[in-house]
**Student:** 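Can you keep this structure in mind? I'll have questions shortly.
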2 protein chains.
Amino acid sequence: MTRDATRTLARSKARSEATSARIIAAARTLFVAKNYADVTTDMIAGAAGVTKGGLYHHFPSKEQLYISMILDDLDRKRRLFEQAVAAQGNCRDRLAKLTRDFLEQPDEERKLARLVRRDINIFTGEERDRLVRAYQLALPEQIEAIIREGIEDGELAPGDPRILSWSFVALVEVVIGRYANHVLGSTEARLDHVLELFFDGAGAKPTGGTE
Amino acid sequence: MTRDATRTLARSKARSEATSARIIAAARTLFVAKNYADVTTDMIAGAAGVTKGGLYHHFPSKEQLYISMILDDLDRKRRLFEQAVAAQGNCRDRLAKLTRDFLEQPDEERKLARLVRRDINIFTGEERDRLVRAYQLALPEQIEAIIREGIEDGELAPGDPRILSWSFVALVEVVIGRYANHVLGSTEARLDHVLELFFDGAGAKPTGGTE
DNA sequence: GATACGACAGACCGGTCAGTCGGTAGGTAA
DNA sequence: TTACCTACCGACTGACCGGTCTGTCGTATC
């Protein structure tokens, strides 16, 4: 094979990958806006600037396209989280930083986890389990690592790190990320509230009625 | 109109209402198990012991049937919550009781809120907004009332009752109700953890590093 | 310039499903 | 007996959608 041939093949491959990426991006936008059943392959193809035939040239089925989109996103999320876990500092600051990084992602990507929960039932068997685990457990497991260290360092009271990590995720997800957008103040203010509640509780502090 | 005629009409009406109720019950079971798009009107009709024609005799469309099912459920939930809000006792006990009552509902009914979040996008415009408000806000608003009283009585530290009610809902929903079933201990134990965390926080208590 | 190949187009097919419509059964009214 | 009403049946339709298949076109090799 000559050098020119190699270059041509590389160009063709690059073009093909660019189209795949465009299709995945179009799929992500549409799936987030609507849902699996309401998004047709024609719509995705149209938004990506190809036809249905072109789409099926790159992906064997609508379902596999969906999975490819998810795996693509998971990869980026994992990198984000690994970075945060490896960071220095005390437990509270690291949790705050991780949460801030998470919230600074583009809206569309933040919504993907919700998307997966919503549409997960189109899959069955082990494929489904794999996706559920990958998405649901990615965040809590990373947080659990931070919290475990917080307990070891005495920054947190001894307790089950699993319960604590789930609790923290719950607070972040619901109070900051999901419902409360239309009800409460800024994201930063809500993050402060959540950290306050998580570390210090809501009980009246002056009277100090512990137990 | 004779007395017999009246009785006959009443009997006919009762029969009709029983069929409607059967259809709604069948729809609930199926919609919870699958989702809106994957449940066909034939399946619902079959499960309710009527044909599709019969179903369309009682409901003008699949969408309206779905809405009827939701309104039917909301009605029962509202009664449950009103009861809890009106109860006596301190803040912590009332929240515990309300949560326990909520969790004691049949599994199928507890899953309805999730269902609505999952399928909400089939609706548009004001119908959608109405449903979102009705479902998302029902729980926090009732809890907010209890928390507000807790703050007034000094059982809780002064703070924004809205943030606190959303936080409590978050903890209950995620730690107890949703994700953690396969990971953590019994419902009762998890409820204790949540109450503990909510009222006392996760910070190390011996060293007491508040501020 | 003949051959080959990969990317993509777009018409088409098979199946599915919400909704319709003409009917029937069984009771009531005149 | 006729006319009517309500609940319900079930065959049917029309639209839509996932997936296929037969090209076409640009590029590259020989």
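Numbers restart at 1 for each chain; the letters A, B, ... are given by sequence-line order, proteins then strands.
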**Student:** Only counting residues at least two apart or in another chain, list the ones meeting side-chain hydrogen bond (donor to acceptor under 3.5 Å, both in side chains) with B:Thr19.
**Tutor:** none

**Student:** For B:Ile146, is there any backbone N or O sitting under 3.5 Å from a side-chain donor or acceptor partner on B:Glu149?
**Tutor:** no

**Student:** Pairs of donor and acceptor atoms involving the side chains of residues 24-33 of chain A, under 3.5 Å and at least two apart or interchain, shall be tabulated with distances.
**Tutor:**
from, atom 1, to, atom 2, distance (Å)
A:Arg28, NE, A:Glu108, OE2, 3.2
A:Thr29, OG1, A:Ala25, O, 3.1
A:Thr29, OG1, A:Glu108, OE1, 3.4
A:Thr29, OG1, A:Glu108, OE2, 3.3

**Student:** If the sugar-phosphate is the primed atoms plus P, OP1 and OP2 and the base is the rest, what is the B/S/- string for nucleotides 8-23 of chain D, using protein heavy atoms under 4.0 Å?
**Tutor:** BBB------SBBB---

**Student:** Answer yes or no: is there an ion pair linking A:Lys97 with A:Asp101, defined by an N-O contact shorter than 4.0 Å?
**Tutor:** yes

**Student:** One thing to verify: whether B:Glu144 and B:Arg148 come together as a salt bridge, which I'm taking to mean a side-chain N less than 4.0 angstrom from a carboxylate O.
**Tutor:** yes

**Student:** When the distance from CG of B:Leu65 to P of C:dG19 is rounded to whole Å, what number comes out?
**Tutor:** 10 Å

